[in-house]
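Order of the sequence lines fixes the chain letters, A, B, ..., with proteins taken first and strands second; residue numbering starts at 1 for each chain.
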Amino acid sequence: MPEGHVVHVDARRFGQRLRGHTVRASSPQGRFAAGAAALDGRRLTAAEAYGKHLFLRFGGRSGPPLLHVHLGLIGGWNWYDGSGELLAGRRFRGPDDSAVRLRLRAGRGAAVVTAELRGAMLCELIDMEHAAMIHTRLGPDPIRGNADSRRGWERLHRSSAALGTLLLRQDVVAGAGLIWRCEAPFAAHIDPRRPGRAVTEIEWQAIWAALQTMMRAAVRRGGAERTTRSEHRASWGDELYLFRRGGEPCRVCGTPIESQQMGGRLVWWCPSCQPY
DNA sequence: GCGGAATGTAGAT
DNA sequence: TCTACCTTCCGCT
């Protein structure tokens, strides 16, 4: 469910609210009991997102230094203040502990902050070597300042797969999801069905620039954990032109927006604004 | 109130 | 290729 920008927002929250603090860790659900025990009493020293992967680094005694979390389709973090008030994360409101894979808490009294993880596909302790392997596997992340877009280009321009399929591949663009695989080709005026190898380098640069602009703006907005059918128009404003707008007139030229299955999921495009 | 889909992908088969 | 994750949202009764 969450795309890369959501993971970056959570990484920032960890950096701002828990970094430098010794955390109490627990796994009410039990599935991460051993991992939580290994984290309990250690200090969070760094929080970083790479694509849709979150890495939290812990100091202190020996043991794997990194917590690696991938939210998958339905996972998410909820944040609470000392009084139990929800600070961020609109989902998982229930007080039920039975699904809380990991709870991290730090601070005293009114300054207590709690982060709760539910529904994650992956929650594990790993060493630096393992993290380096994951980084190597991933393509450039448009949200990160040091991303090398040419690495994505190398993988894209040799492929006969459709652009819309390639943009979902995390070894081409780390962090892109269904929203951006539609919106970036629209911004770059390219039909998402066009094969990767028929995309020129200039066009790739336009796609990359659009990904950077839109995904970074989404991080700045923060909070937008998920956009629903009824509210995504309001919460994303004018920034989504195509996503879930099949059949509606294109907001640039008025041509009805088309859609089709691509890789088992829908992709939308404007047949007039996005030449094949 | 109920059932299926969804902004995803690692790991099992 | 299938399943896990086990959530929220949405459309249907």
Side-chain angles (χ1 to χ4, degrees), chain A residues 1-10 27-32 35 49-55 67-79 86 88-102 115-126 130-131 133-139 141-143 164-186 192 211 214-215 217-219 221-236 239-246 259 261-268:
Chain A
M1 181 178 310
E3 302 206 17
H5 61 282
V6 173
V7 182
H8 278 266
V9 168
D10 275 316
S27 176
Q29 176 208 44
R31 259 190 63 176
F32 193 60
Y50 202 124
K52 296 168 184 171
H53 299 253
L54 175 70
F55 300 93
L67 175 69
H68 172 221
V69 173
H70 192 297
L71 296 175
L73 183 60
I74 60 176
W77 289 96
N78 255 7
W79 292 84
L86 188 70
R90 296 179 301 106
R91 308 186 303 114
F92 314 127
R93 282 172 214 231
D96 184 8
D97 266 11
S98 66
V100 177
R101 181 92 59 89
L102 174 63
E116 287 184 354
L117 174 68
R118 298 178 202 228
M121 184 186 69
L122 200 61
C123 175
E124 60 183 359
L125 291 176
I126 63 173
H130 187 154
M133 260 175 46
I134 295 168
H135 287 194
T136 302
R137 200 176 64 222
L138 294 171
D141 178 345
I143 297 174
T165 298
L166 291 164
L167 289 179
L168 282 186
R169 269 178 39 183
Q170 298 299 295
D171 63 338
V172 176
V173 180
L178 213 50
I179 294 174
W180 312 123
R181 83 143 164 188
C182 299
E183 300 294 331
F186 179 79
L211 288 168
M214 296 188 296
M215 294 175 72
V219 171
R221 270 195 302 277
E225 309 290 329
R226 174 193 174 116
T227 53
T228 67
R229 241 170 239 281
S230 55
E231 74 192 355
H232 79 259
R233 290 153 205 266
S235 55
W236 295 83
E239 295 181 42
L240 292 190
Y241 278 77
L242 301 175
F243 186 65
R244 289 179 170 171
R245 290 183 189 275
S259 67
Q261 293 279 325
M262 181 181 284
R265 338 246 327 251
L266 280 173
V267 65
W268 294 264

Selection from dT9(B), dG11(B), dC6(C) that lies nearest to any side-chain heavy atom of Arg101(A): dC6(C)

Under 4.0 angstrom between Arg244(A) side-chain N/O and dA6(B) OP1 or OP2: no

Nucleotide dA6(B), atom C1' - distance to CH2 of Trp268(A) in whole Å: 10 Å

For atom CG of Leu73(A) and atom C1' of dC9(C), their distance in whole Å: 12 Å

Proximal nucleotide (of dA10(B), dG8(B), dT7(C)) relative to the Ile74(A) side chain: dT7(C)

Spacing of the P atoms in dC5(C) and dT13(B) (rounded, Å): 13 Å

Under 4.0 angstrom between Arg137(A) side-chain N/O and dA10(B) OP1 or OP2: yes

Rounded interatomic separation in angstrom, taking CG from Asp171(A) and P from dT9(B): 11 Å

P atoms of dC2(C) and dA5(B), separation to the nearest Å: 15 Å

Out of dG11(B), dT7(C), dT9(B), whichever nucleotide has its closest atom nearest the side chain of Glu124(A): dG11(B)

Length of the line joining Arg181(A):CZ and dA6(B):C1', which is rounded to integer Å: 13 Å

Minimum side-chain heavy-atom gap Val69(A)-Val7(A) below 4.5 Å: no

Separation of atom NE2 in His130(A) from atom C1' in dG11(B), rounded to whole Å: 12 Å

Any Arg31(A) side-chain N or O less than 4.0 Å from OP1/OP2 of dA4(C): no

Nearest-angstrom distance, C1' atom, dG4(B) to dT13(C): 14 Å

Distance in angstrom units between Leu167(A) CG and dG8(B) C1', rounded: 16 Å

Side-chain donor/acceptor of Arg265(A) to backbone N/O of Leu178(A), under 3.5 Å: no

Between C1' of dT8(C) and CG of Leu86(A), the distance in whole Å: 14 Å

With sequence neighbours excluded, residues passing side chain to side chain donor-acceptor pair (under 3.5 Å) with Gln170(A): none

Nearest-Å distance for atom pair CE/C1', residues Met121(A) and dA12(B): 13 Å

Set of residues satisfying side chain to side chain donor-acceptor pair (under 3.5 Å) with respect to His68(A), sequence neighbours excluded: His53(A), Glu124(A)

Under 3.5 Å donor-acceptor, Glu183(A) side chain and Met214(A) backbone: no

Residue-phosphate contact under 4.0 Å: Gln170(A) side-chain N/O, dA10(B) OP1/OP2: no

Separation between the P atoms of dG11(B) and dT7(C), rounded to whole Å: 22 Å

